[in-house]
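For reference, the structure discussed in these notes is given below.
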Amino acid sequence: MTATSAPTSAPERGAEPAPAAPGDSAGPARPAGTTETVPAGAPSPEELHGPVVEWFDANARDLPWRRPEAGAWGVMVSEFMLQQTPVSRVLPVYEEWLRRWPRPADLAAESPGEAVRAWGRLGYPRRALRLHGAAAAIAERHGGDVPKDHHHLLALPGVGEYTAAAVASFAYGQRHAVLDTNVRRVFARAVTGSQYPPNATTAAERKLARMLLPEDPGTAARWAAATMELGALVCTARTPRCGTCPIARQCAWQRAGAPEHEGPPRRVQTYAGTDRQVRGKLLAVLRESLAPVPPAVLDQAWRDPVQRLRALNGLLADGLVERLPDGRFRLPGA
DNA sequence: TATTCGTGGGA
DNA sequence: TTCCCAAGAAT
């Protein structure tokens, strides 16, 4: 793989609206376009960059997908696995995947069912299917190399705004706003002064992330990784370790006295008794069986036949399960 | 915009 | 034990 070339995507600049914010002529001067996004008194980008990046240099975890030998494919595999799944559970599966399928074409040559099986219990197995599909698309459309262009990345199955930016940034050193749940929380606290970010990513958050992004691509990539790591290790959701935070003194939330979240409690996803749990039970049976499974075996995975059938049909519709002519079931193409 | 989609570990 | 919630994407 070649080293980082010039960023191919358009720099995330110029999207900020002209100042012209009415009614603030009496207030202190602020940079254009920061109105409504950055509260008065919030730390400037320069106050945050140094401490956060220095902290990262000293405290970054040695994760396999951060090592140079991981390559863009390793970064992409890790990003898929880390979507909603903790690092500790991803580690062993990641190692196994890269050992088995060191290049996208290796995975593409495999059946989708094998990808689902090797996904193990990481959860959300559709990600395995999408990663397999992404590998196939990379093999077919990109000569077997993970594309560098943000636009091409976004076109791959399972790659959304976050993952496209993460791969472009971490694998290729490009300048992109990388907005994951960690970064959103760090910005919400340090800059906006809120304990938690909004439920869904807002335009204001994207704008803020772009404004905080260092100009130099390499520095921007470093900043992206550093803010994520800070959110993962220090500025955690439940009990942040503000005593060890490199920007605790600049933090708007700390300065405001760390006020508790106001408003309606954030919805917690239920799981017990849902279709998701049933799907999980059914798929676990199929994952662990090398031979196709008769319907009677699946019947034992869940009591309620109505819900069981609904879940099975969902799995079939998603392409996670295949029904053979003889009525037995298996992972797709396995 | 709101839902759906797994799983397991820490507090 | 129960309750959160963990590097999102697709619809």
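Keep in mind the model is a prediction, meaning the values are calculated, not measured. All chains are named by letter (A, B, ...) in the order of the sequence lines, taking the proteins before the strands, and each is independently numbered beginning at 1.
For A/Asn199 and C/dA6, the CG to P distance is 13 Å, given to the nearest whole Å. The separation between A/Tyr162 atom OH and C/dA6 atom P is 13 Å, rounded to whole Å. For the pair A/Arg127 CZ and C/dG8 C1', the computed distance is 9 Å after rounding to whole Å. The separation between A/Leu131 atom CG and B/dG6 atom P is 16 Å, rounded to whole Å.
The side chain of A/Arg130 sits closest to C/dA10 out of C/dA10, B/dG8, C/dG8. For A/Arg279, whose side chain is taken as the heavy atoms from C-beta onward, the closest listed nucleotide among B/dC5, C/dA7, C/dA9 is B/dC5. Here B/dC5 is the nucleotide among C/dA10, B/dC5, C/dA7 with the atom lying nearest to any side-chain atom of A/Arg126.
Between A/Arg127 and A/Thr85 there is a side-chain heavy-atom pair separated by less than 4.5 Å.
With sequence neighbours left out, A/Arg66 forms a salt bridge (charged side-chain N to carboxylate O under 4.0 Å, His left out) with A/Glu229. In this structure A/Arg130 satisfies the salt bridge (charged side-chain N to carboxylate O under 4.0 Å, His left out) test with no other residue, sequence neighbours excluded.
Nucleotides C/dA7 and B/dA2 are separated by 22 Å at their C1' atoms, to the nearest Å. Annotation: C/dA9 and B/dT1 have their C1' atoms spaced 15 Å apart (nearest Å). The gap from the C1' atom of C/dA6 to that of B/dG6 amounts to 12 Å, rounded to the nearest Å.
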Atom pairs under 3.5 Å: protein N/O with N/O of nucleotides 3-5 of chain C:
{"unit_1": "C/dC4", "atom_1": "O2", "unit_2": "A/Arg238", "atom_2": "NH2", "d": "3.1"}

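At a non-hydrogen distance threshold of 4.0 Å, A/Glu79, A/Leu82, A/Gln83, A/Gln84, A/Pro86, A/Val87 from residues 78-97 of chain A come into contact with DNA chain C.
Note on residues 242-264 of chain A: no pairs pass salt bridge (Lys or Arg N to Asp or Glu O under 4.0 Å), not counting sequence neighbours.
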Pairs of donor and acceptor atoms involving the side chains of residues 319-334 of chain A, under 3.5 Å and at least two apart or interchain, shall be tabulated with distances.
{"unit_1": "A/Glu322", "atom_1": "OE1", "unit_2": "A/Arg330", "atom_2": "NE", "d": "2.8"}
{"unit_1": "A/Glu322", "atom_1": "OE1", "unit_2": "A/Arg330", "atom_2": "NH2", "d": "2.8"}
{"unit_1": "A/Glu322", "atom_1": "OE1", "unit_2": "A/Gly333", "atom_2": "N", "d": "3.3"}
{"unit_1": "A/Glu322", "atom_1": "OE2", "unit_2": "A/Gly333", "atom_2": "N", "d": "3.4"}
{"unit_1": "A/Asp326", "atom_1": "OD1", "unit_2": "A/Arg328", "atom_2": "N", "d": "2.9"}
{"unit_1": "A/Asp326", "atom_1": "OD2", "unit_2": "A/Arg328", "atom_2": "NE", "d": "2.7"}
{"unit_1": "A/Asp326", "atom_1": "OD2", "unit_2": "A/Arg328", "atom_2": "NH2", "d": "3.0"}
{"unit_1": "A/Arg330", "atom_1": "NH1", "unit_2": "A/Ala334", "atom_2": "O", "d": "3.0"}

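Where A/Leu283 and A/Thr239 meet DNA chain B, the nucleotide closest to each residue was compared, and A/Leu283 sits on the side nearer the 5' end.
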